[in-house]
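So the structure is just underneath, and the comments pick up after that.
The figures that follow rest on heavy atoms only: side chains count, while hydrogens, waters and symmetry mates do not. Just so you know, these numbers come straight off a predicted model, no measurement behind them.
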Amino acid sequence: AVFGAKEAFYKAQFPLTRAWVGFHAVRSHPIENADGTHAGYRLEPHTRLPALDAVQWPWVARHAPRGPVVVSAVGLLAAPLR
């Protein structure tokens, strides 16, 4: 699930930045629902990512099992261009 969250992050950021961002450049922190069940991951930069200065942090990654696969997705808010 962590790999899927970070891969979804990479695929979401690349069209914006055209920058390669490594697996360890982003930290993942588990998010829990009110009932204590796993809800996804909060993603934050581990190091400064100049290519991503125009987006708001943290990003949120969610995943859902679908049969033998796990579907992962991230959502992000882009800051207005100046």
Side-chain angles (χ1 to χ4, degrees):
V2 172
F3 178 82
K6 289 187 176 188
E7 183 69 14
F9 159 79
Y10 177 80
K11 288 180 179 177
Q13 68 79 35
F14 187 80
L16 298 172
T17 66
R18 298 289 185 210
W20 183 84
V21 176
F23 185 82
H24 296 290
V26 175
R27 289 186 182 134
S28 58
H29 306 279
I31 300 171
E32 293 184 358
N33 292 316
D35 64 1
T37 58
H38 182 73
Y41 294 95
R42 187 179 76 245
L43 303 176
E44 297 175 341
H46 179 68
T47 57
R48 182 164 179 265
L49 301 170
L52 296 175
D53 283 347
V55 298
Q56 297 176 10
W57 292 94
W59 291 19
V60 175
R62 305 276 188 200
H63 61 274
R66 296 289 186 253
V69 299
V70 175
V71 177
S72 298
V74 296
L76 67 115
L77 297 172
L81 295 176
R82 296 177 203 180

Query - Whether F3 and F23 hold their rings parallel, tilted or perpendicular, with breakpoints at 30° and 60° - result: parallel

Report task. Could you list all the salt bridge (Lys or Arg N to Asp or Glu O under 4.0 Å) pairs where at least one residue sits in residues 2-25, not counting sequence neighbours? Result -> E7-K11

Query raised in the report: Can you tell if the side chain of V26 reaches within under 4.5 Å of the side chain of W59, non-hydrogen atoms only?
Result: no

Query - By side-chain contact (heavy atoms from CB on, under 4.5 Å) - contacts of S72 (at least two apart) - result: A8, H63, V70

Query raised in the report: Is the number of heavy atoms from other residues, nucleotides or ligands within 6.0 Å of NE2 (H29) greater than 12?
Result: yes

Report task. Using side-chain contact (heavy atoms from CB on, under 4.5 Å) as the criterion, list what pairs up with R66, not counting sequence neighbours. Result -> A64, V69, V71

Requested in this report: Scan for salt bridge (Lys or Arg N to Asp or Glu O under 4.0 Å) pairs involving residues 34-44, sequence neighbours excluded, and state none if there are none.
Outcome: R42-E44

**Report entry** L43 and S28, any side-chain heavy atoms less than 4.5 Å apart
**Finding:** yes

Report task. Please report the shortest heavy-atom distance between A19 and Y10, naming the atom on each side. Result -> O-CE1, 3.9 Å

**Report entry** Residues forming a side-chain hydrogen bond (donor to acceptor under 3.5 Å, both in side chains) with H46, sequence neighbours excluded
**Finding:** R27

**Report entry** A39: partners by side-chain contact (heavy atoms from CB on, under 4.5 Å), with sequence neighbours left out
**Finding:** I31, N33, R62

